[in-house]
Structures are given as structure tokens and as C-alpha cells.
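When reading the values below, keep in mind they use all heavy atoms of this one structure, side chains included, and skip hydrogens, waters and symmetry mates. Only a predicted model underlies this, so the values are computations on that prediction, with no experimental measurement involved.
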Amino acid sequence: LYGLIPFVRLPALALGVNAVLLGGLAACYAATDTTMLLYAAISYFRLSRQVRLSAPAGKRVYRCDTISTPFILGIVNPKIFLPSDLDERTAVSVLAHEQAHLRRGDHLWKPLGYVLLSIYWFNPLCWVAYFLFCRDVEQACDEAVIERMDTQQKKDYSAALLACAA
């Protein structure tokens, strides 16, 4: 009777399909997670190679001909990199912004956020949260910098941000 009635074997077949499906989903998850982390590592090493010929411009501050936007590179020993073509007035404002990132520890929090995103990449709310987190980090640094400025300094700071965004 067991071999004659096809639906008697259905639970065993369903278990096999579920195991295969679960294995496929696990492989997809691992591949995506690995791809995201590999992308971050390759981007870091490409960027560090791009700025290796930077000229020192202060304590943990470097000027570089090969970049077009300022940023912080490094987790353990973070360094600020500024484009060489920034005029001095813009550089002072940009440096204040980047130093605010260092004071807040954003060079630690942002990579941690990306690692969490790479773990929970399948959740659309995590992508929204990461995007909003990055935006909030920038706004918090802007607020920290401008809270001690007068009106003219705020205008200069705004012009510096626009110059870097263009």
C-alpha cells in the first residue's frame, strides 16, 4: 500500500524540497553578505592606495591631488584627507567638519552600521535605517560645527559645503 499510493510519500518529498530550499536561501544569504563585505574591503584598499602619495598638512591631515572630496580614512588610526585644490578658507571649514566626525567617533559607527547592513541586507527597513543614519551623521557634524559660529562664519561654512558637494 505504501508504494502504491503516491501521496503517502509526500511528507518525505516535502521535507527534501524544504531542505533544498533552505540550503539555497542560506547560500544566497552567505553570497550576498560576503559580496557586501568584500566590496567594502576592496573599496577601502583602493582608496588607501589612491591616497598613498598624499602630503601631510597637519596632525592626521593630508592633502591629496587624486581625490575630489574630503573624507576620513581608517578605523584604528583615522586620517583626514582633503583635496589639494581646496582654497584655504574652504579647507578650514571642511577640516572643522571632518574633525567633528572624529570627535563623535563616526569613523567607528559608520563601518559598524555597514557591517550590520551586510548582515541584515534582506530587510528593506535596514537599508532605510542605514541611509537615514548616514544623513543624520552628516547633519549632526554640521550642527556641531556651526553652533559656535557667527553669521559670517556660517555663510562661509555653507559655501564650503556647497563647493565640496558640487
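- Every residue two or more places apart in sequence or in another chain was checked for a salt bridge (charged side-chain N to carboxylate O under 4.0 Å, His left out) with Glu147, and none qualifies.
- Atom CG of Leu117 sits about 7.0 Å away from atom SG of Cys126, to the nearest 0.5 Å.
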Tyr62 vs Val51, test: side-chain contact (heavy atoms from CB on, under 4.5 Å). Steps then yes/no.
CA-CA 9 Å; Tyr62 296 85; Val51 299; over 6 Å; no
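- Taking each heavy atom of Ile146 and Lys154 in turn, the nearest pair found is O-CE, 3.3 Å.
- Side-chain atoms of Ser54 never come within 3.5 Å of backbone atoms of Cys64 as a donor-acceptor pair (strictly under, hydrogens ignored).
- Side-chain contact between Gln99 and Val145: absent, with no pair of heavy atoms (C-beta onward) separated by less than 4.5 Å.
- Contacts classified as salt bridge (charged side-chain N to carboxylate O under 4.0 Å, His left out) and involving residues 123-142 (residues at least two apart or in different chains) are not found.
- Residues forming a ring pair (Phe, Tyr, Trp, His ring centres under 6.0 Å) with Tyr44 (at least two apart in sequence, or on another chain): none.
- Clustering ILVMFWY residues whenever any of their side-chain heavy atoms sit less than 4.5 angstrom apart, transitively, puts Val115 in the very cluster that holds Trp127.
- Shown here are the ring pair (Phe, Tyr, Trp, His ring centres under 6.0 Å) partners of Tyr114, two or more places apart in sequence or in another chain: there are none.
- Counting heavy-atom neighbours within 6.0 Å of Tyr39 OH, excluding the residue itself, gives a total of 12 or less.
- The side-chain heavy atoms of Phe81 and Leu73, taken from C-beta on, include a pair separated by under 4.5 Å.
- Taking all atoms of both residues into account, the shortest heavy-atom contact from Cys141 to Ala100 is SG-C, 3.9 Å.
- Remark: side-chain polar atoms of Ser118 are not paired, donor with acceptor, to backbone N or O of Leu37 under 3.5 angstrom.
- Summarising the geometry, atom CD1 belonging to Ile72 is positioned 3.5 Å from atom CG belonging to Leu102; distances are rounded to the nearest 0.5 Å.
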Atom pairs and distances, side-chain donor-acceptor, residues 21-32, under 3.5 Å, sequence neighbours left out:
residue	atom	partner	partner atom	Å
Tyr29	OH	Ile119	O	2.7
Thr32	OG1	Cys28	O	2.9

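- Using a 4.5 Å cut-off between side-chain heavy atoms of Ile, Leu, Val, Met, Phe, Trp and Tyr, with links allowed through other members, Phe133 and Leu112 fall into the same hydrophobic cluster.
- For Pro83 against Pro70, the heavy-atom pair with the smallest separation is CD-N, 3.8 Å.
- The structure places CZ of Arg52 at 9.5 Å from OG1 of Thr66, a figure rounded to the nearest 0.5 Å.
- Note on Leu125 and Tyr120: separate hydrophobic clusters, where clusters join Ile, Leu, Val, Met, Phe, Trp and Tyr whose side-chain heavy atoms are under 4.5 Å apart, directly or indirectly.
- Interatomic distance, CG of Leu161 versus OG1 of Thr90, reported as 9.5 Å (0.5 Å rounding).
- Within the 4.5 Å cutoff, no side-chain heavy atoms of Phe71 are placed close to those of His107.
- Side-chain atoms of Asp106 never come within 3.5 Å of backbone atoms of Trp109 as a donor-acceptor pair (strictly under, hydrogens ignored).
- Using the six-membered ring where Trp is involved, His101 and His97 have ring planes that are perpendicular, over 60° apart on the 30 and 60° scheme.
- Sorted by first and then second residue, the pairs that involve residues 78-100 and meet salt bridge (charged side-chain N to carboxylate O under 4.0 Å, His left out), not counting sequence neighbours, are Arg63-Glu88, Arg89-Asp156.
- Within a 6.0 Å sphere centred on NZ of Lys155, heavy atoms belonging to other residues, nucleotides or ligands number 12 at most.
- Trp121 CH2 to Met36 CE: the interatomic distance, rounded to the nearest 0.5 Å, is 9.0 Å.
- The backbone N or O of Asp150 lies less than 3.5 Å from a partner atom in the side chain of Gln153, making a donor-acceptor pair.
- The shortest heavy-atom contact between Ile67 and Leu82 is CD1-C, 3.7 Å.
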